Amino acid sequence: MKISIISLFPEVFPAYLNSSILGRAQEKGLVEVEYVALRNFGKGAHRSVDDRPFGGGKGQVIQCEPVLKAIRSIRKEDSQVYLLAPSGCLFKQKKAHEMAQCSHLILLCGHYEGFDYRIEEYCDGILSIGDYVLSGGELAAMVITDAVVRLLPGVISEGSTEEESFENGLLEYPQYTQPAIFEGKEVPEVLRSGNHAKIHAYRQEQSLLRTKKMRPDLYQDYQKRE
Ligand code: ADE
């Protein structure tokens, strides 16, 4: 898979995306991450990419031309282009699985007051990572890249993503490690029993209880499906 990130600030990505699991995935050749500087497609001596909004209002809006030039410089027949904006559909684990099937993802990061609306017509989807406004799409691009790449075959050892939060519509059960007692807080007896059927049942129950407490919205959806 290849992921191309179009941004006005391409220098912010490598520190995170070249580390840990994502760094190793690139070294192993499981994913290629490319940064495309939107500024290179800007106009004039200042490589300008934005202008004032029609109808008035605060801030600047990113123009169609530089964005389309940037997309067209890298788009292939099988590319999927996603614009990152707080006004998009909420990005969830299901979408991460869907995107992990693509051979080329293009993630378009906005800044200022947003993009000229007409740019949306050239995209396959608009994604938001949550109900809050960030200064730009760069963090969203990193979040999406991380969530997608860890699902690619070979990136994480087989089976270890399957019991994570959201994979079955529930949050993950609590995990414990040594010591068995820390400052008087004891690891549940059942987890030290060696009885795998009981451990499985306990974890399933904890997963349900935690989801009910932390995410009643997910719990309700889960109950409807069961
Ligand atoms: N850009 C600004 N805020 C954002 C958000 N919540 N999700 C995606 N891109 C954004």
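The figures that follow rest on heavy atoms only: side chains count, while hydrogens, waters and symmetry mates do not. This is a predicted model, so every value here is computed, not measured. Just follow the structure's listing: the first ligand is 1, and inside any ligand the first atom is 1.
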(request) Identify, for atom 9 (N) of ligand 1, the protein heavy atom at the shortest distance, and state residue, atom and that distance. (result) Ala85 N, 3.3 Å
(request) Please examine the side chains of Val67 and Ile6, heavy atoms only from C-beta on, and report whether any two atoms are closer than 4.5 Å. (result) no
(message) Salt bridge or not between Lys2 and Glu34? Use side-chain N to carboxylate O under 4.0 Å.
(response) yes
(request) Report the part of Cys109 (side chain from C-beta onward, or backbone N, CA, C, O) that has a heavy atom under 4.0 Å from ligand 1; answer both or neither where that applies. (result) neither
(message) Which residue and atom name correspond to the protein heavy atom nearest atom 7 (N) of ligand 1, and how close is it?
(response) Ile129 N, 3.0 Å
(request) Specify side chain, backbone, both or neither for Pro86, according to which of its non-hydrogen atoms lie closer than 4.0 Å to ligand 1. (result) both
(message) Within the 3.5 Å criterion, strictly below it, is a donor on Gln220 or Tyr222 matched to an acceptor on the partner's side chain?
(response) no
(request) Output yes when the distance from some N or O of ligand 1 to some N or O of Ser135 is under 3.5 Å, and no in every other case. (result) no
(request) Looking only at distances, please establish whether an N/O atom of ligand 1 is found under 3.5 Å from an N/O atom of Gly130. (result) yes
(request) Side-chain contact test, heavy atoms from C-beta onward, threshold under 4.5 Å: evaluate it for Glu205 versus Arg210 and give yes or no. (result) no
(request) Look at atom 6 (N) of ligand 1 and say which protein heavy atom is nearest, naming residue and atom and giving the distance to 0.1 Å. (result) Tyr132 O, 2.8 Å
(message) Is Gly136 close enough to touch ligand 1? Criterion: a residue heavy atom under 4.0 Å from a ligand atom.
(response) yes
(request) Could you list the atoms of ligand 1 found under 4.0 angstrom from a heavy atom of Leu84? (result) 9 (N)
(message) Please determine whether any non-hydrogen atom of Leu127 lies less than 4.0 Å from an atom of ligand 1.
(response) yes
(request) Answer with yes or no whether the hydrophobic clustering places Val143 together with Leu107; edges join I, L, V, M, F, W, Y residues whose side-chain heavy atoms lie under 4.5 Å apart. (result) yes
(message) Please check whether Val133 reaches ligand 1 - meaning an N/O of the residue sits under 3.5 Å from an N/O of the ligand, judged on distance alone.
(response) no
(request) Could you verify whether a donor N or O on one side chain and an acceptor N or O on the other, from Glu32 and His104, lie under 3.5 Å apart? (result) no
(message) We want to know whether His111 and Glu138 form a side-chain donor-acceptor pair, criterion being a heavy-atom distance below 3.5 angstrom.
(response) yes
(message) For Lys224 and Tyr219, which I'm curious about, is there any donor-acceptor pair between the side chains at under 3.5 Å?
(response) no
(message) Please give me the minimum heavy-atom distance between Asp116 and Cys64, naming the atom from each residue.
(response) CG-SG, 3.4 Å
(request) Can you sort out which atoms of ligand 1 are near Leu134, meaning under 4.0 Å from one of its heavy atoms? (result) 2 (C), 3 (N), 4 (C)
(message) Show me which atoms of ligand 1 lie under 4.0 Å from any heavy atom of Ala140.
(response) 8 (C), 9 (N)
